[in-house]
Amino acid sequence: TGAPYTQKPLPHSTAPTRLQFPPVTRDRGGNWPLRCSGVAQGSERGPTIRDLIRDVTSCIVARMTAWCHNQLGNYQEAERHTRDALAVEAWSPGEADLNRLDLGIALAHRGSPDEAAERGKQALARPRFLGALLPRARELNAVLMKRYPADPGTQEFHEQYQLLAN
């Protein structure tokens, strides 16, 4: 009842053959940008694709662990895991922004409202993954407004959050 399939598959030469990653370069201190992997900082070889995948995976696991600690009220552990997870920023800015919000939540509960608000403002400054960020930003906003309503950093974060949430 229908015409036979007439489209030919793409020639092999037009099919993508490699994943494209940004070049890996050392920072000003001569260190590789990834802290979660097994690549030694003094190593002359840069990270391989396997190192990068392991890095991103371990940083995501660290972020999820930090989120769990935040939910359980273990804010010191949440802060430690989130700081480790921030190493993924060069490869996954959206994950890094989630990490910043998780870190802000932990810091707000630990009595550092200025740094907490600053981390939150950094996360919302580039609203590329806004849908994923808003629930965490709402949580950080609630903690800051409840515990430190008169703090100038809290007010700045609250205004930035309100602009994006509405």
Side-chain angles (χ1 to χ4, degrees), residues 19-39 41 47 49 51-166:
L19 293 175
Q20 298 294 317
F21 288 94
V24 180
T25 57
R26 294 175 190 242
D27 65 14
R28 291 182 190 153
N31 296 319
W32 296 108
L34 306 169
R35 290 183 287 143
C36 296
S37 75
V39 177
Q41 289 298 332
I49 297 294
D51 294 330
L52 298 177
I53 291 170
R54 184 177 54 235
D55 254 12
V56 171
T57 302
S58 63
C59 289
I60 290 170
V61 169
R63 181 179 60 79
M64 295 308 297
T65 303
W67 180 82
C68 291
H69 281 294
N70 267 338
Q71 296 303 305
L72 294 171
N74 301 330
Y75 302 114
Q76 184 174 0
E77 285 297 306
E79 180 183 353
R80 183 175 67 82
H81 286 287
T82 307
R83 288 190 190 277
D84 288 343
L86 282 172
V88 77
E89 180 172 17
W91 304 103
S92 182
E95 288 293 327
D97 289 336
L98 284 169
N99 292 335
R100 284 187 187 91
L101 289 169
D102 284 336
L103 179 57
I105 293 165
L107 290 168
H109 282 289
R110 295 199 66 218
S112 298
D114 292 333
E115 187 180 356
E118 187 59 36
R119 295 297 181 153
K121 290 187 291 186
Q122 289 171 358
L124 297 182
R126 299 176 308 251
R128 62 181 140 251
F129 300 110
L130 196 54
L133 297 179
L134 281 178
R136 293 277 195 358
R138 184 180 313 113
E139 187 177 347
L140 176 56
N141 186 57
V143 172
L144 287 171
M145 291 303 290
K146 181 179 179 182
R147 297 183 72 176
Y148 311 101
D151 187 80
T154 296
Q155 292 301 316
E156 290 173 15
F157 177 75
H158 178 70
E159 290 169 10
Q160 187 177 5
Y161 168 73
Q162 289 293 94
L163 284 173
L164 295 174
N166 294 328

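Note that the coordinates shown come from a computational prediction; the quantities given were computed from them, not determined experimentally.
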Gln122 versus Asp97, closest heavy-atom pair with distance: O-OD1, 4.1 Å
Evaluation steps, side chain to side chain contact (heavy atoms under 4.5 Å, CB included), between Leu124 and Phe157: CA-CA 9 Å; Leu124 297 182; Phe157 177 75; 3.5 Å; yes
Spatial distance of atom CG (Leu98) from atom CD (Glu95) [nearest 0.5 Å]: 5.5 Å
His109 vs Glu79, side chain to side chain contact (heavy atoms under 4.5 Å, CB included): CA-CA, chis, key distance, verdict: CA-CA 10 Å; His109 282 289; Glu79 180 183 353; over 6 Å; no
CD1 on Ile105 to CD on Glu139, rounded to 0.5 Å: 3.5 Å
Straight-line distance of Thr82 OG1 to His69 NE2, nearest 0.5 Å: 9.5 Å
Residue pair Ala78 / Ala106: nearest heavy atoms and the distance that separates them: CB-CB, 3.9 Å
For residues 148-156, tabulate all N or O donor-acceptor pairs below 3.5 Å that involve a side-chain atom, not counting sequence neighbours.
{"residue": "Tyr148", "atom": "OH", "partner": "Ala108", "partner atom": "O", "Å": "3.0"}
{"residue": "Asp151", "atom": "OD2", "partner": "Gly153", "partner atom": "N", "Å": "3.0"}
{"residue": "Asp151", "atom": "OD2", "partner": "Thr154", "partner atom": "N", "Å": "3.3"}
{"residue": "Thr154", "atom": "OG1", "partner": "Tyr148", "partner atom": "O", "Å": "3.1"}
{"residue": "Gln155", "atom": "NE2", "partner": "Pro149", "partner atom": "O", "Å": "2.5"}
{"residue": "Glu156", "atom": "OE1", "partner": "Lys121", "partner atom": "NZ", "Å": "2.5"}

Nearest-0.5 Å distance, CG of residue Asn99 to CE of residue Met64: 10.5 Å
Approximate separation, where rounding is to 0.5 Å, of Leu133 CG and Leu140 CG: 11.5 Å
Nearest-0.5 Å distance, CG of residue Leu101 to CG of residue Asn141: 11.0 Å
Glu77 with Arg80: basic N within carboxylate O range, under 4.0 Å: yes
Enclosure of Gln76 CD (heavy-atom neighbours >12, cutoff 6.0 Å): no
Check: Asn70 main-chain N/O paired with Asp102 side-chain donor or acceptor under 3.5 Å: no
